Amino acid sequence: MKDTIVLYPSPGISHIVSMVELAKLIIHHSNHYFSITILLITSNLWNSPTIASNINNISQSHPSISFRRFPPVSVDPTPPRSYPAMVFETILLNKPYVLDFLQEIKKERKICSFIIDMFCTSALSLGKQLKVPTYYYFTSGAACLGAFLYFPRVHNLYKEKKSFIDLKETVLDFPHMPPLKAIHVPGPMLKRDDPAYNDMLYYCSCLPKSDGIIINTFPDLEPNATKKIEDGLCVEDAKTPPLYCVGPVISRNTGKKEPKDYCLSWLDMQPRKSVVFLCFGSRGSFSIEQVKEIANGLEKSGERFLWVVKNPPLDDRKQTEVLIDFDLEAILPEGFLNRVKDRGLVVKFWAPQMDVLIHDSVGGFVTHCGWSSVIEAVVTGVPMLAWPLYAEQHLNRNALVEDMKMAIGVEQRDEDGFVTGDELAKRVRELMNSDKGRELRERSIEMKEKNVSVWAESGSSITALTRLVDLWRQG
Ligand code: UPG
């Protein structure tokens with residue numbers, strides 16, 4: 001029986017997809033030496049039809065990868081608390097299932113490594129208890145990792161002060177990345193009285209206790225952040241664990257679907273590098289007022305565009321309820337679709353993002369700065385307009401605009417992140433048609449080439465992955 005590796009992603013679809021891709025990389029680069037099991041949490045808090053169908057395909061095409069889905073757990077919605085707090089609680093409730101599974105597997109084969117998502121930190125002690133080397137897989141970039149490693153220090157610095165949400169314009173300094181406004185820390189870190197705040201603080205303080213952190217980036221993409229982390233500047237009282245930069249880790253299933261997606265056929269008819277693509281991740285939706293403003297901005301910009309629109313939030317609590325179908329015309333300005341029909345396409349819910357970015361007609365990408373989207377733009381060499389929405393996206397935006405110089409930032413209202421149509425029109429034109437846009441395009445192409453070299457012989461990602469595989473085989 002093959003030695004095994006167990007992966008434990010947090011429930012977000014991007015986190016699961018990224019872990020699955022990591023599993024494929026490990027299988028491939030170890031010459032199928034290991035088998036891999038991916039643990040999946042079930043809950044009524046989220047609903048991911050896409051992942052359910054993907055899982056069957058993955059096990060068929062990669063027989064060394066299997067999935068273990070845990071029984072559903074539900075958290076009591078009273079007292080009311082933030083969505084992240086309920087997700088973290090759900091993950092904690094799965095701890096006994098994780099322990100049972102690891103013990104069961106250990107009876108029949110060797111577990112060479114247990115790789116967990118940061119939000120699954122509750123399982124770190126299980127790895128230690130069972131003497132299984134335990135690693136984090138960090139699905140965001142090094143700028144974010146450094147900020148999380150450093151967060152316990154920021155927490156102490158502002159201990160006597162108010163919550164970050166109340167510190168507003170106060171600028172927080174970090175050793176490895178440009179300063180960040182207090183209101184732009186990730187959502188669960190904004191309010192000290194949110195139970196998710198203490199969870200995050202705990203997760204951050206546990207990162208150095210692992211046997212290593214595997215991360216979806218490469219040093220040439222984030223030289224400053226990766227170096228400062230490795231030099232130990234982001235961790236105060238503990239040792240920084242080894243960092244393994246194995247990125248870009250992305251899903252490369254592109255271009256083979258029949259019938260061809262309509263937006264790809266539409267792109268086939270557009271001139272080279274003429275289309276700006278707007279897509280805001282798996283959950284990025286806007287108020288109706290903001291949707292109308294985006295439409296006005298795109299109309300004013302005069303540029304060609306492909307825009308993926310999700311339904312506006314149904315209410316405050318159901319953050320994950322993304323609908324496949326809804327009345328698009330009802331939320332757009334009257335007559336908009338007809339006025340822009342010769343140069344714009346609006347699609348509901350989802351577009352095959354990688355296929356779109358790789359298409360020759362696409363010349364710019366308006367993104368919410370989710371890390372998978374950033375990495376996909378890097379791999380395809382498409383310059384970005386950064387419009388962060390939630391989670392760690394403001395942090396990614398800072399790194400992208402100030403450090404990596406791969407994006408223009410859009411001006412947002414501080415209170416709620418609102419962007420006016422005029423601002424969007426101006427920035428879209430800047431991205432598609434200005435010297436600044438050209439500079440970004442050149443930089444993006446440079447990074448696209450670097451991304452190829454990390455997988456060449458002695459490239460940084462191949463080397464990091466080989467180090468890990470060797471460690472696990474010998475361990
Ligand atoms: N995608 C599509 N079509 C769509 C929308 C999304 O193919 O219409 C894909 C996209 O290609 C990418 C993924 O879905 O692979 C989206 O991932 P990402 O850009 O990381 O965004 P989120 O889904 O928002 O990801 C969550 C967090 C984000 C964080 C990321 C990784 O919101 O902030 O960086 O997880 O930790």
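Note that ligands are numbered from 1 as they come in the structure, with each ligand's atoms numbered from 1 the same way. Quick caveat: nothing in here was measured; it's all calculated off a predicted structure.
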Nearest protein heavy-atom contact for [atom]: which residue, which atom, what distance?
atom: atom 24 (O) of ligand 1; value: His368 NE2, 2.9 Å
atom: atom 34 (O) of ligand 1; value: Glu392 OE2, 2.5 Å
atom: atom 32 (O) of ligand 1; value: Gln393 NE2, 3.1 Å
atom: atom 23 (O) of ligand 1; value: Ser282 OG, 2.4 Å
atom: atom 19 (O) of ligand 1; value: Ser373 OG, 2.5 Å
atom: atom 12 (C) of ligand 1; value: Glu376 OE2, 3.5 Å
atom: atom 35 (O) of ligand 1; value: His15 NE2, 3.4 Å
atom: atom 8 (O) of ligand 1; value: Ala351 N, 3.0 Å

Quick one: look at [X] and ligand 1, take heavy-atom pairs under 4.0 Å, and tell me if it's side chain, backbone, both or neither.
X: Ser18; answer: neither
X: Gln353; answer: both
X: Ala391; answer: side chain

**OP:** Please name the pair of heavy atoms, one in Tyr244 and one in Ala464, separated by the smallest distance, quoted to 0.1 Å.
**Re:**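 Heavy atoms of Tyr244 and Ala464 come nearest at CD2-O, 3.9 Å.
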Original post:
Got a sec, which residues hit side chain to side chain donor-acceptor pair (under 3.5 Å) with Gln353, two or more places apart in sequence or on another chain?
Top reply: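 Side chain to side chain donor-acceptor pair (under 3.5 Å) check on Gln353 returns Ser373, Glu376.
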With atoms numbered from 1 as shown, which atoms in ligand 1 lie under 4.0 angstrom from a non-hydrogen atom of [X]?
X: Tyr390; answer: 24 (O), 32 (O)
X: Val308; answer: 8 (O)
X: Ser372; answer: 12 (C), 15 (O), 17 (O), 18 (P), 19 (O), 20 (O)
X: Trp371; answer: 20 (O), 29 (C), 34 (O)

Check the orientation of [X] and [Y]. Use parallel for under 30°, tilted for 30 to 60°, and perpendicular for over 60°.
X: Phe336; Y: Phe305; result: parallel
X: Phe286; Y: Trp387; result: tilted
X: His29; Y: Trp455; result: parallel
X: Phe365; Y: Phe277; result: parallel

Original post:
Can you tell which of Pro388, Ser14, Ala377 gets a heavy atom nearest to atom 25 (O) of ligand 1?
Top reply: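 It is Ser14 that holds the nearest heavy atom.
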Subject >> Option with minimal heavy-atom separation from atom 6 (C) of ligand 1, where the choices are Trp350, Phe280, Phe349 >> reply: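 Ranked by closest heavy atom to atom 6 (C) of ligand 1, first place is Trp350.
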Original post:
Is there any N or O on Pro352 that sits under 3.5 Å from an N or O of ligand 1?
Top reply: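 Checking ligand 1 against Pro352, no N or O pair falls under 3.5 Å apart.
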Original post:
Could a heavy atom of Cys279 be found less than 4.0 Å from some atom of ligand 1?
Top reply: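 Contact check Cys279 vs ligand 1: positive.
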**OP:** Report the C-alpha distance between Tyr203 and Phe88 in whole Å, list the side-chain angles of each, state the deciding distance to 0.1 Å, and finish with yes or no for ring-ring contact (aromatic ring centres under 6.0 Å, His included).
**Re:** CA-CA 10 Å; Tyr203 302 161; Phe88 296 161; 5.1 Å; yes
Subject >> Pairing of Asp194 and Arg81 as salt bridge, 4.0 angstrom limit >> reply: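 Salt bridge absent between Asp194 and Arg81.
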Original post:
Are Lys191 and Asp166 close enough for a salt bridge, meaning some N to O gap below 4.0 Å?
Top reply: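 Result for this pair is no, no salt bridge flagged.
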Original post:
Taking the six-membered ring for Trp, is the centroid-to-centroid distance between Tyr137 and His15 below 6.0 Å?
Top reply: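 Ring centres of His15 and Tyr137 not closer than 6.0 Å.
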Original post:
Between Phe119 and Tyr8, is the gap from one ring center to the other below 6.0 Å?
Top reply: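 Distance test on ring centres: not under 6.0 Å, no.
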Original post:
Do Arg153 and Tyr158 meet the cation-pi criteria used here (NZ or CZ under 6.0 Å from the six-membered ring centre, within 45° of the axis)?
Top reply: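 No - Arg153 does not lie over the ring of Tyr158 by the 6.0 Å and 45° rule.
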